[in-house]
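Presented below is the structure to which this report refers.
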Amino acid sequence: MKNKGMIPRLKSIGESGRRSQVFNQNVKITQLGKCGRIEEAARIFNQMPHRNTVTYNSMISVYAKNGRISDARNLFDKMPRKNLVSWNTMIAGYLHGDKVDKARELFDKMTQRDDFTWTLMITCYMRNGDVEKARVLFDLLPEKKKNRACWNAMIAGYAKNGCFGDARKLFDEMEDKSIVSWNSMLAGYTHNGEMSLGLRFFEEMDERDVVSWNLMVDGFVEAGDLDSAWKFFRRTPDPNIVSKVTMLCGFSRNGRITEARRLFDEMEDKNVVSWNAMIAAYVQQCQIDEAIWLFTQMPEKNAVSWTTIINGYVRVGKLHEAEQVLNKMPYKNVGAQTAMISGYIQNRRMDEARQIFEKIGTPDVVCWNTMIAGYAHCGRVDEALNLLKRMPQKNIASWNNMIFGYAQTGQMDKAVAVFEEMGEKNLVSWNTLISGFTQNGLFTNALTTFLLMVQDGKKPDQSTFVSGLCSCANLAALEIGNQLHQIVVKSGYANDLFVSNALISMYAKCGRILSAEYVFKYIDSVDVISWNSLISGYASNGNVEKTVKIFQEMTVKGVKPDEVTFIGVLSAYSHSGFVDEGLNLFRSMTEEHLMEPVAEHYACMVCLLGRAGRLEEAFQMVREMKIKPTAGIWGALLYACRVYGNLEIGRVAAEKLSKLEPHKSSNYVLLSNLNAEAGRWDEVESTRILMTDRGAEKQPGWSWI
DNA sequence: TATGCGTAGT
């Protein structure tokens with residue numbers, strides 16, 4: 001710096017020299033802030049013998065733009081002489097930190113406002129999705145303060161929020177459009193996945209700059225159309241660093257790390273964002289060593305760089321290393337700490353997650369939601385609810401997490417209550433509820449909710465279709481399944497692997513072999529789940545020949561069967577009484593495929609042996625198995641005992657069952673029936689008393705003989 | 001030299 005070490009001499013020069021000293025240091029603070037070197041900026045600020053209002057404004061801006069909003073506010077509160085820019089800068093800080101209420105508070109306190117102030121507040125509302133409040137401000141704004149920036153903020157806000165009509169109306173009304181106005185419209189299309197509209201608009205544009213091209217590249221990347229993205233990238237007249245990073249991320253998101261790296265290596269103008277993008281690409285691929293290497297090589301690190309590395313270690317399960325990085329991080333922001341919290345949560349270390357969470361103390365919505373989701377995922381719904389209640393500002397995701405928690409723990413009534421209590425719902429809210437119903441076997445509710453969602457104007461996505469089709473499969477509701485298939489095709493999900501697999505399963509379980517195979521045939525690249533869907537579908541339908549045929553085809557094609565495959569085939573054998581085939585397959589599963597059987601496999605085997613009356617063998621298998629027998633296994637055994645009138649083994653099974661499922665009445669009914677058939681009426685009576693004592697309500701449809 | 005509208009990184 002020019003004046004470094006010259007303070008004594010400058011002092012003697014007097015007032016003008018001091019002013020230029022302050023001027024230069026103000027510039028330096030801003031420059032350092034722009035490349036994320038906040039500590040250095042703060043050091044200069046603190047060491048300055050004289051500061052003016054611009055000095056304070058610069059420092060406030062540096063803090064605010066780097067996510068340190070409370071530091072910004074502290075400075076704002078204690079600065080001696082605020083001007084209009086100070087207020088605007090502070091509002092801008094709240095805008096970047098998504099704190100609309102705080103921004104509005106300042107806005108209302110201001111005695112004087114300029115065009116910056118209004119534009120900032122409008123942008124604030126628009127970013128928050130509050131289109132109406134933004135419009136109110138725009139209409140209140142005096143004509144002479146309505147400059148291009150305000151108009152552009154309105155157009156961009158409308159477009160981003162998907163209100164293309166309103167955006168277009170203002171756009172057409174606007175007299176002196178700038179390139180920003182055009183790009184604002186274009187961004188509306190590209191950010192909302194409307195690429196055909198976007199393309200048409202792009203072609204009609206009067207003028208284009210590099211931002212217009214970048215928007216197109218980004219839109220295609222988002223749409224998963226990497227070929228078009230690359231085409232536009234190559235055609236961009238003078239690609240800048242943003243163009244390159246956008247394309248790099250496109251490659252990275254599609255797992256094309258080599259091409260991403262090539263782009264990075266060819267970049268002559270790397271900045272902290274391009275470094276972070278490349279590091280994130282390796283983190284995405286779980287190539288943590290390469291990520292770390294780049295991290296050590298990069299000239300400037302910011303909070304995002306640190307957070308990415310912490311996330312990287314979390315992804316590969318190296319929590320200790322993540323902790324160390326967090327400890328070394330110079331200024332620990334909420335994002336980095338939230339990354340660490342997620343790490344603990346993923347490893348079920350809820351107490352440690354909670355510790356960091358309590359330490360942060362700031363009302364950061366993402367952080368709160370991470371904690372709530374954590375409790376929900378491990379079934380600790382009470383704690384999740386507790387946090388939700390205490391949460392200062394909830395968003396839709398907070399409620400969605402709660403719905404998920406209840407769905408996970410089978411409390412669908414409470415999930416519905418939360419769903420009804422929350423205000424605005426998004427696609428995730430609906431999907432969580434629908435998949436909750438499906439996973440809890442409430443298939444009719446799932447389909448009804450699907451219908452309500454469509455009536456509410458929400459477009460079903462992959463998750464909705466999978467849940468819906470799965471429900472149809474379980475209800476054997478072919479007609480609804482057919483209708484869903486039509487919507488799938490119309491919505492452009494016909495090529496989605498997950499949806500296709502659900503379709504296969506639906507058709508197979510509804511007994512439509514040809515339709516299932518038709519969907520299967522038209523999948524670009526089937527996976528093991530596609531095969532399993534066919535196999536399990538035919539198995540549940542009792543079609544053992546078809547099940548085995550598909551299984552053999554799968555093996556011939558070299559696809560490795562997994563646990564689910566064997567469950568499917570074994571259950572087909574068990575339903576059809578193919579005992580030897582089942583025993584052979586079970587043996588080959590453990591001996592040839594070296595697979596450790598899980599509870600479902602054993603349940604199939606017990607069922608298989610039990611149905612054939614080979615109760616002793618079944619019982620022996622249960623006693624010798626390596627895992628703890630589940631209720632499903634004892635239930636299968638008890639059922640077989642009931643069929644073959646084996647009181648001895650049946651009692652053992654019933655005793656185990658009554659401990660595992662004390663409230664399930666069907667277990668007592670089976671034992672009671674068994675006793676009744678053996679003429680043990682005293683036992684029948686005592687079973688009935690036991691059942692009442694344990695609060696097992698008799699289900700309708702079961703009868704006492 | 002400090003604040004607003006359109007593009008990239010957790």
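Residue numbers start from 1 in every chain, and the chains themselves are labelled A, B, ... in the order their sequence lines are given, proteins ahead of strands.
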Value in whole Å for how far the [atom2] atom of [N] lies from [atom1] of [X]:
X	N	atom1	atom2	value
A:Met247	B:dA8	CE	P	15 Å
A:Met185	B:dT7	CE	P	14 Å
A:Asn24	B:dA2	CG	P	13 Å

Item to check | Aromatic A:Phe232 / basic A:Arg235 pairing, under 6.0 angstrom, 45° off normal | outcome: yes
As a test of reading the structure: which of [options] is closest to the side chain of [X], going by heavy atoms?
X	options	result
A:Val54	B:dG6, B:dT1, B:dT3	B:dT1
A:Cys249	B:dA2, B:dG9, B:dG6	B:dG9
A:Lys65	B:dT7, B:dC5, B:dT3	B:dT3

Is any side-chain nitrogen or oxygen of [X] closer than 4.0 Å to OP1 or OP2 of [N]?
X	N	answer
A:His96	B:dG4	yes
A:Thr119	B:dC5	no
A:Lys160	B:dC5	no

Correct closest heavy-atom pair for A:Val245 and A:Ala277 would be CG1-CB, 4.0 Å
>> Would the base of B:dA2 count as contacting A:Asn88 through its side chain, where contact means a donor and an acceptor less than 3.5 Å apart?
In response: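 A donor-acceptor contact between them is absent.
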Between A:Lys270 and A:Glu300, is there a side-chain N and carboxylate O pair less than 4.0 Å apart?
no
